[in-house]
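Notes for the one structure printed next.
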Amino acid sequence: MNESLFASKIKKTLDTGLDIGPGAAARLKAARERALERHRVPAAEFALTGRGMGVLRVGGVAQSWLRILVPAACLIAAAIGLQQWQETRQAARFVAQQAAEIEEVDTLVLTGDLPIKAYLDEDFQSWLKQASQ
Amino acid sequence: MAKASLAIALWLCLGTSLAFAQTNKQSPSWAQLSAEQQRILAPIQGEWNKLDPVRKRKWLGIAQRYPKMTPEEQERLQRRMQEWVTLTPEQRRAAREKYREFELLPQEERQAMRQKWDQYKEERAAQDASKAAATGKPAEEATAASGPAPNPPASLIKQ
């Protein structure tokens with residue numbers, strides 16, 4: 001077989017195409033996709049660019065870890081923040097309650113007829129008792 | 001995901017700053033008070049920054065009630081504030097308790113209390129004068145020697 005004859009046979013085969021059934025075609029397609037999937041370069045999750053910084057790419061195993069760690073850290077931080085906020089609110093409520101209780105009495109003591117000394121003078125208390133007897 | 005992380009971080013920052021703002025609101029410094037509050041609370045200006053949040057809040061509450069008080073009550077409040085803040089916590093507690101006791105008395109007795117106090121003071125003054133006459137010392141010295149009766153009892157003073 002000379003060269004030109006061989007070439008014309010190949011041309012003829014390529015022009016008519018292979019006679020592949022639909023099942024085989026589907027299997028070939030799936031195999032090709034699997035092979036491509038294995039060799040695909042992981043896409044960068046994010047890239048930070050800046051003057052003189054170059055490009056930071058994160059992918060592969062590091063990316064999977066980040067996918068777990070970052071949300072977990074955020075959740076922990078949020079939980080701590082929430083707890084502190086609640087503690088602050090509780091403290092504020094306690095302060096308000098205590099202050100309201102003594103505010104009422106103090107206002108009355110400070111604006112009433114009797115001077116403060118009268119409430120603190122033990123002799124006056126005894127004198128009152130004697131006077132009432 | 002980066003956006004979600006950023007949102008959470010921003011939320012945390014906001015929460016923290018709100019918490020700080022809340023703390024600041026609870027314990028404002030003298031400079032943070034309004035001009036009106038400063039005017040009413042002027043007698044305790046020197047003590048203000050030493051007060052704990054509970055006491056500051058109480059004084060702010062009293063300042064809020066101030067405009068509704070009668071001129072006489074306002075004058076009494078201004079006059080007694082300084083004395084009140086310099087008392088020990090035990091003395092203030094004792095005064096509050098005594099006030100509550102007096103509140104339980106019948107109304108006539110409560111109303112007559114001021115009169116009784118004046119009467120008591122007069123009697124004490126007369127006693128001191130007679131002591132002074134007996135010892136030949138001026139009344140003030142005699143009072144000092146016999147102990148400061150109208151002052152808080154020594155048992156209530158901390159130091």
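Because the structure is predicted, anything quoted here is derived from the model rather than measured. Lettering follows sequence order; numbering is per chain, from 1.
Proximity to chain A is absent for every atom of Q74(B), based on heavy atoms less than 4.5 angstrom apart. Using a 4.5 Å cut-off between heavy atoms, M113(B) touches chain A through backbone and side chain atoms alike. Residue R100(B) touches chain A through its side chain alone, counting heavy-atom pairs closer than 4.5 Å. Contacts of L108(A) with chain B are made by both backbone and side-chain atoms, with heavy-atom separations under 4.5 Å. When heavy atoms are compared at a cutoff of 4.5 Å, E104(A) approaches chain B by way of both its backbone and its side chain.
Taking chain B as the reference chain and counting heavy-atom pairs below 4.5 Å, the highest number among V105(A), I116(A), I102(A) is found for I116(A). Per-residue counts of heavy-atom pairs under 4.5 Å with chain A were compared for E73(B), R79(B), K58(B), R80(B); the largest is that of R80(B). Between chain A and the residues M69(B), R110(B), E75(B), Q119(B), the largest count of heavy-atom pairs under 4.5 Å involves Q119(B).
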Check your understanding: Would E123(B) and W127(A) count as a side chain to side chain contact (heavy atoms under 4.5 Å, CB included) if you check the C-alpha gap in whole Å, the side-chain angles of each, and the deciding distance to 0.1 Å?
Key -> CA-CA 10 Å; E123(B) 281 184 24; W127(A) 183 89; 2.8 Å; yes
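Taking the six-membered ring for Trp and thresholds of 30 and 60 degrees, F124(A) and F102(B) have ring planes more than 60 degrees apart, a perpendicular arrangement.
Under a 4.0 Å N-O distance rule, the pair E101(B)/K98(B) qualifies as a salt bridge. A salt bridge does not link E103(B) with R96(B): every distance from a Lys NZ or Arg NE/NH1/NH2 to an Asp or Glu carboxylate oxygen is 4.0 Å or more. Taking the charged nitrogens against the carboxylate oxygens, E72(B) and R76(B) do have a contact shorter than 4.0 Å, which makes a salt bridge. Remark: R34(A) does not engage E37(A) in a salt bridge, criterion side-chain N to carboxylate O under 4.0 Å.
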